[in-house]
S.K.: 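Dumping the structure here so I can ask a few things about it.
Just so you know, these numbers use all the heavy atoms, side chains as well, and skip hydrogens, waters and symmetry mates.
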Amino acid sequence: MALTLAESVDTIPQEFYWRLKYPMKHSILAALTCLGLLVVSAVPGLAHHSFAAEYDSNNVITLTGVITRVEWTNPHMYVYVAVKDASGKVTTWSLEGYPPNTLKRTGFSRDSLKEGETITVTAYKSKDGSNTGAGREVTFPDGSKKFLGPEGR
């Protein structure tokens, strides 16, 4: 003899009752949870940018100037260089480099770039025309060179 819904409800544990009474609610809740996890997991990927989106790999510039500030922050380090043009006008350039941990593993230390020191940097100019770029190679006063960032592609 088959049980009616009312009779079967009395025979199951109370915590599972809502699954019988609201079968679609469980499916909707599971779908929303999966959607939420998918959105949250995609956010870190959106935070990082593409080299090609910001910098022109065909526009290599060489800058010689005085370091005014160095920021050892993730996800990229930045070095600010005051560059004097032929007329004597000083322009500050912001150059992005590898992440601090990558620089440390390649021989850079926090003491490698000192404020007030004159350096020469090759970089890829930003596409937006601002005084920013992706640093490639730094030449120090003693003539030694180190890579500051990746080769443009």
Side-chain angles (χ1 to χ4, degrees), residues 14-153:
Q14 190 64 29
E15 61 267 13
F16 295 111
Y17 171 72
W18 65 275
R19 287 188 185 178
L20 285 175
K21 190 168 181 184
Y22 305 104
M24 286 298 292
K25 187 175 185 178
H26 178 67
S27 298
I28 293 171
L29 182 62
L32 288 175
T33 300
C34 288
L35 181 62
L37 290 172
L38 182 65
V39 168
V40 169
S41 67
V43 170
L46 296 173
H48 201 265
H49 57 88
S50 163
F51 177 93
E54 289 194 42
Y55 306 108
D56 183 356
S57 63
N58 296 316
N59 191 356
V60 179
I61 56 175
T62 302
L63 305 167
T64 300
V66 177
I67 298 172
T68 58
R69 188 171 77 200
V70 180
E71 294 178 358
W72 289 87
T73 57
N74 281 317
H76 297 281
M77 69 81 63
Y78 285 87
V79 60
Y80 297 85
V81 181
V83 178
K84 194 180 290 188
D85 67 12
S87 67
K89 180 182 173 199
V90 176
T91 303
T92 300
W93 284 78
S94 170
L95 302 170
E96 178 181 299
Y98 281 128
N101 191 37
T102 302
L103 288 171
K104 186 175 180 181
R105 285 184 278 132
T106 61
F108 258 97
S109 70
R110 288 184 180 268
D111 297 328
S112 296
L113 297 168
K114 299 177 184 80
E115 290 182 20
E117 185 175 58
T118 300
I119 59 170
T120 300
V121 183
T122 56
Y124 301 99
K125 190 163 178 7
S126 64
K127 288 183 174 180
D128 68 4
S130 63
N131 296 327
T132 59
R136 172 64 180 142
E137 184 179 67
V138 176
T139 304
F140 295 95
D142 66 0
S144 64
K145 297 180 180 193
K146 289 188 186 269
F147 288 116
L148 184 63
E151 183 177 10
R153 295 176 194 103

S.K.: Which atom names give the shortest non-hydrogen contact between I119 and L113, and what distance separates them?
M.R.: CD1-CD2, 4.4 Å
S.K.: Quick one: side-chain hydrogen bond (donor to acceptor under 3.5 Å, both in side chains) partners of T139, sequence neighbours excluded?
M.R.: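 If we apply the side-chain hydrogen bond (donor to acceptor under 3.5 Å, both in side chains) test to T139, skipping adjacent residues, there are no hits.
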S.K.: Stepwise, does the side-chain contact (heavy atoms from CB on, under 4.5 Å) test hold for V60 with Y124?
M.R.: CA-CA 5 Å; V60 179; Y124 301 99; 3.5 Å; yes
S.K.: Find the distance between NZ (K146) and CZ (F140) and round it off to the nearest 0.5 Å.
M.R.: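 Output value for this atom pair is 6.5 Å.
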S.K.: Which pair of heavy atoms, one from G107 and one from S112, lies closest together, and at what distance?
M.R.: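 In this case the closest contact between G107 and S112 is O-OG, 4.2 Å.
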S.K.: If the condition is side-chain contact (heavy atoms from CB on, under 4.5 Å), which residues does V66 pass it with, not counting sequence neighbours?
M.R.: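 Once residues adjacent in sequence are excluded, the partners of V66 under the side-chain contact (heavy atoms from CB on, under 4.5 Å) criterion are T118.
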S.K.: Is any side-chain heavy atom of V138 closer than 4.5 Å to a side-chain heavy atom of T120?
M.R.: no
S.K.: To the closest 0.5 Å, what do you measure between CG (N58) and NZ (K125)?
M.R.: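 Reported value, rounded in 0.5 Å steps: 14.0 Å.
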S.K.: By side-chain hydrogen bond (donor to acceptor under 3.5 Å, both in side chains), which residues pair with S130, not counting sequence neighbours?
M.R.: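 S130 satisfies side-chain hydrogen bond (donor to acceptor under 3.5 Å, both in side chains) with S126, D128, T132 once adjacent residues are dropped.
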S.K.: To the nearest 0.5 Å, tell me how far T122 OG1 sits from L148 CG.
M.R.: 8.5 Å
S.K.: Kindly write out the residues that satisfy side-chain contact (heavy atoms from CB on, under 4.5 Å) with D111, not counting sequence neighbours, or none if the list is empty.
M.R.: S109
S.K.: Look up atom CG in N131 and atom CH2 in W93, then write down how far apart they are to the nearest 0.5 Å.
M.R.: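 Nearest 0.5 Å value for the CG-CH2 distance: 4.5 Å.
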S.K.: Do the side chain of R136 and the main chain of G149 share a donor and acceptor less than 3.5 angstrom apart?
M.R.: yes
S.K.: Between W72 and L103, is the side-chain contact (heavy atoms from CB on, under 4.5 Å) condition met? List the steps.
M.R.: CA-CA 10 Å; W72 289 87; L103 288 171; 3.7 Å; yes
S.K.: Does NZ in K127 sit with more than 12 non-hydrogen atoms of other residues, nucleotides or ligands closer than 6.0 Å?
M.R.: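 More than 12 heavy atoms, drawn from other residues, nucleotides or ligands, come within 6.0 Å of this atom.
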S.K.: Grab the two heavy atoms, one from L95 and one from A123, that are nearest each other, plus how far apart they are.
M.R.: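 In this case the closest contact between L95 and A123 is CD2-CB, 3.9 Å.
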S.K.: Is the side chain of H76 donor-acceptor paired with the backbone N or O of Y98 at a distance under 3.5 Å, no angle test?
M.R.: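 No: the side chain of H76 does not pair with the backbone of Y98.
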S.K.: Check whether any side-chain N or O of T92 sits under 3.5 Å from a backbone N or O of A82 as a donor-acceptor pair, and report yes or no.
M.R.: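 Pair absent, no side-chain N/O of T92 close to backbone of A82.
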S.K.: To the nearest 0.5 Å, how far apart are OH in Y78 and CD in E71?
M.R.: 8.5 Å
S.K.: Go through the structure and list residues passing side-chain contact (heavy atoms from CB on, under 4.5 Å) with K114, not counting sequence neighbours.
M.R.: E117
S.K.: Write out all pairs satisfying salt bridge (Lys or Arg N to Asp or Glu O under 4.0 Å) with one or both partners inside residues 77-87, taking only residues at least two apart or from two chains.
M.R.: none
S.K.: The test is side-chain contact (heavy atoms from CB on, under 4.5 Å); show your working for V121 and T62 and say whether it passes.
M.R.: CA-CA 6 Å; V121 183; T62 302; over 6 Å; no
S.K.: Nearest 0.5 Å, please: how far is CG in N101 from CG in N74?
M.R.: 8.0 Å
S.K.: Decide yes or no on side-chain contact (heavy atoms from CB on, under 4.5 Å) for V83 and T64, but give the supporting numbers first.
M.R.: CA-CA 6 Å; V83 178; T64 300; over 6 Å; no
